[in-house]
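First the proteins, then the strands, lettered A, B, ... as listed; each starts at 1.
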Amino acid sequence: MPSFATSPGTRDILAPDSARWRRFQQVFADVVETAGFGHIIPPMFEDLGVFLRVGESTEIVTKEMYDFEDKGGRRVALRPEQTASVCRAFVEHRPVTPWKVWYAGPNFRYEKPQQGRYRQFDQVGVEVLGVDDPQLDAEVIALGMEFYRRLGLTKVRLSLNSLGDSGDRDRYASALRTHFSSNIDALSAESRATLERNPLRVLDSKRAEDAQLIAASPRMADHLSPAAEEHFLQVQTSLRAAGVTFHVDDRLVRGLDYYRRTTFEFVSESLTAAHTAIGGGGRYDGLVADLGGPDTPGIGFALGLDRTLLACDAEGVFGAPQSRVDVFVVDATGGSEAGVICTELRTVGIGADRAYERRSMKAQMKSADRSGAPVCIIVGDDERNANTAILRTMEGGSQHIVQRDDLVAQVRRALGR
RNA sequence: GUGGGCGUAGCUCAGUUGGCUAGAGCGCCAGGUUGUGGUCCUGGAGGUCGCGGGUUCGAGCCCCGUCGUCCACCCCA
């Protein structure tokens with residue numbers, strides 16, 4: 001029994017999965033940097049106040065924050081998401097707008113772990129600050145869809161909605177409160193609790209007993225100001241122009257309090273578990289101001305790495321790449337030859353590995369086989385004395401003797417380089 | 001935070017109504033093959049049966065607690 005294991009909701013990502021993660025982030029970086037986004041690496045913990053702006057009605061803030069007092073008496077928290085950090089960075093550095101950034105990294109929420117939900121979970125995302133153009137909304141959304149396409153995912157649906165500006169949102173919230181309150185008996189106990197915190201989120205209830213009341217509830221579309229409605233329509237127009245298919249879901253309410261106007265969610269149709277939302281985002285026009293900056297519009301999205309990979313598994317795409325060395329060196333003379341040869345090969349960029357502890361040739365050959373190297377080099381006393389080496393092609397098992405001086409060149413040839 | 005399933009070898013799992021020294025497959029190590037992997041054969045190492053208590057002549061099995069894990073709810077990515 002090991003004395004220690006990972007804490008609940010955390011885990012080690014081992015090879016080859018770790019290589020898959022790395023590639024995932026690399027593909028994302030390629031997509032968004034091509035679109036002019038710069039990389040930002042915010043700290044993993046910040047002043048607690050930064051994250052309180054995410055929303056006092058959300059459990060992310062009220063119950064799930066990893067917050068603590070540091071040795072200097074500062075109240076800090078591990079970031080539960082990165083949008084607030086990006087906005088704080090914007091206020092701190094005042095970059096020229098539009099400020100387009102992307103990020104990748106872990107976030108922390110104290111939740112009960114389950115499928116696709118961890119206490120430390122990775123997201124990739126983008127944020128754009130300082131632009132109020134609906135064409136940008138469409139471009140950001142299209143970027144997300146393009147990323148999924150690059151992964152090979154085909155069954156990702158885009159849900160779109162507008163929550164209106166903050167006045168609209170507040171009026172809609174009170175209309176919902178009135179609606180649900182006057183039919184409180186028909187509402188599930190859980191949804192009654194949700195109603196207290198945030199009426200919008202009642203629309204998210206998946207409980208069957210709530211379905212009827214939700215269907216009869218007021219529509220967001222009826223509460224949009226003319227300006228917000230115009231913005232929403234232009235977003236849709238731009239999306240169509242970009243060839244992005246979507247469907248308007250006016251029951252789509254996002255979890256965080258700061259969302260205004262455009263909201264969207266990427267839903268995998270290949271996932272059957274509860275967590276079909278593999279990414280989401282929207283506008284958060286008041287957030288920068290909330291953090292003490294100038295009135296600045298913002299929009300962005302975050303994609304869950306685990307869930308997206310789950311969707312990849314379900315669609316059978318973007319598998320874990322197998323990593324292997326090019327050459328495995330078998331040394332029957334004691335091991336020092338293997339050391340020299342490996343160094344020679346690695347110096348010129350050829351991946352090489354070897355065995356240790358003077359293991360038998362048979363054991364070394366097994367290791368060579370396991371390493372996946374297409375080529376192996378064998379050196380015994382005879383070869384060493386004759387200044388030669390054996391070059392063996394693992395698949396098929398043909399081999400021939402080469403001059404020691406010519407070894408690297410011969411390996412290159414065998415590898416087809 | 002609520003509810004349910006499951007914790008036996010590195011991994012996947014058997015283990016009967018409680019009853020010999022707790023098993024299999026895969027993996028690992030060694031030998032068969034005194035210089036050669038993948039197939040095959042033989043052997044070996046590896047377990048405080050998650051942990052703590054209880055019931056019993058006797059507990060992997062039953063009871064209580066606890067921790068972990070998985071799933072669902074909640075919440076959300």
Who does [N] pair with, Watson-Crick or G-U, both distances under 3.5 Å?
N: B:C51; answer: B:G65
N: B:G25; answer: B:C11
N: B:G37; answer: none
N: B:A72; answer: B:U2
N: B:A59; answer: none
N: B:A45; answer: none

Check: [X] side chain, [Y] main-chain N or O, donor-acceptor pair, under 3.5 Å:
X: A:Thr393; Y: A:Gly397; result: no
X: A:Asp12; Y: A:Leu14; result: no
X: A:Asn183; Y: A:Phe180; result: no

Heavy atoms, side chains only, cut-off 4.5 Å: are [X] and [Y] in contact?
X: A:Val379; Y: A:Ile390; result: no
X: A:Val131; Y: A:Trp99; result: no
X: A:Thr263; Y: A:Arg283; result: no

Would you measure the distance from the [atom1] atom in [N] across to the matching atom in [M] and give it in whole Å?
N: B:G47; M: B:C41; atom1: P; result: 27 Å
N: B:G5; M: B:G46; atom1: P; result: 36 Å
N: B:A14; M: B:C26; atom1: C1'; result: 14 Å
N: B:A45; M: B:G25; atom1: P; result: 15 Å
N: B:C6; M: B:G15; atom1: P; result: 13 Å
N: B:U69; M: B:U12; atom1: C1'; result: 16 Å
N: B:A9; M: B:U2; atom1: P; result: 30 Å
N: B:G7; M: B:G60; atom1: C1'; result: 11 Å

Exercise for the section: Would you mind telling me which residue lines up with the more 5' stretch of RNA chain B, A:Thr10 or A:Ile278, judged by nearest nucleotide? Expected result: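 Whichever sits nearer the 5' end wins; that is A:Thr10.
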Please state how far atom [atom1] in [X] lies from atom [atom2] in [N], giving the value in whole angstrom units.
X: A:Arg201; N: B:C75; atom1: CZ; atom2: P; value: 6 Å
X: A:Tyr110; N: B:A77; atom1: OH; atom2: C1'; value: 20 Å
X: A:Arg117; N: B:A72; atom1: CZ; atom2: P; value: 9 Å
X: A:Glu64; N: B:C74; atom1: CD; atom2: C1'; value: 9 Å
X: A:Asn107; N: B:C76; atom1: CG; atom2: P; value: 15 Å
X: A:Gln364; N: B:C29; atom1: CD; atom2: P; value: 12 Å
X: A:Phe147; N: B:A77; atom1: CZ; atom2: P; value: 17 Å
X: A:Tyr103; N: B:A77; atom1: OH; atom2: P; value: 10 Å

Exercise for the section: Have a look at A:Lys63 and say if it touches a base, only the backbone sugar-phosphate, or nothing, with a 4.0 Å heavy-atom cut-off. Expected result: nothing
Exercise for the section: Quick one: label A:Tyr118 by what it contacts on the DNA or RNA (base, sugar-phosphate, nothing), any heavy atom closer than 4.0 Å. Expected result: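 Result for A:Tyr118 = base.
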Problem - Ring centre gap for A:Tyr148 and A:Phe318 strictly below 6.0 Å - result: no
Exercise for the section: Would you tell me if any nitrogen or oxygen in the side chain of A:Gln114 comes within less than 4.0 Å of OP1 or OP2 on B:C70? Expected result: no
Handout entry: N or O in side chain of A:Gln115 less than 4.0 angstrom from B:C71 OP1/OP2
Key = yes
Fill in the blank from the handout: Counting primed atoms, P, OP1 and OP2 as sugar-phosphate and everything else as base, the B/S/- map of nucleotides 30-40 of chain B against protein heavy atoms under 4.0 Å is S-B--BBBB--
Exercise for the section: Start with the C-alpha gap between A:Val86 and A:Trp102, add the side-chain angles, then the distance that decides, and say whether side-chain contact (heavy atoms from CB on, under 4.5 Å) holds. Expected result: CA-CA 9 Å; A:Val86 168; A:Trp102 71 272; over 6 Å; no
Practice task
Could you check whether the rings of A:Phe301 and A:Phe266 sit parallel, tilted or perpendicular, using 30° and 60° as the cut-offs?
Solution key: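 Rings of A:Phe301 and A:Phe266: perpendicular, as their planes differ by over 60°.
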Practice task
Please evaluate the base of B:A77 for a donor-acceptor partner in the side chain of A:Glu111 within a cut-off of under 3.5 Å?
Solution key: yes
Practice task
Would you mind telling me which of B:G68, B:C75, B:C76 lies closest to the side-chain atoms of A:Pro8?
Solution key: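 The answer is B:G68, which lies nearest to the side chain.
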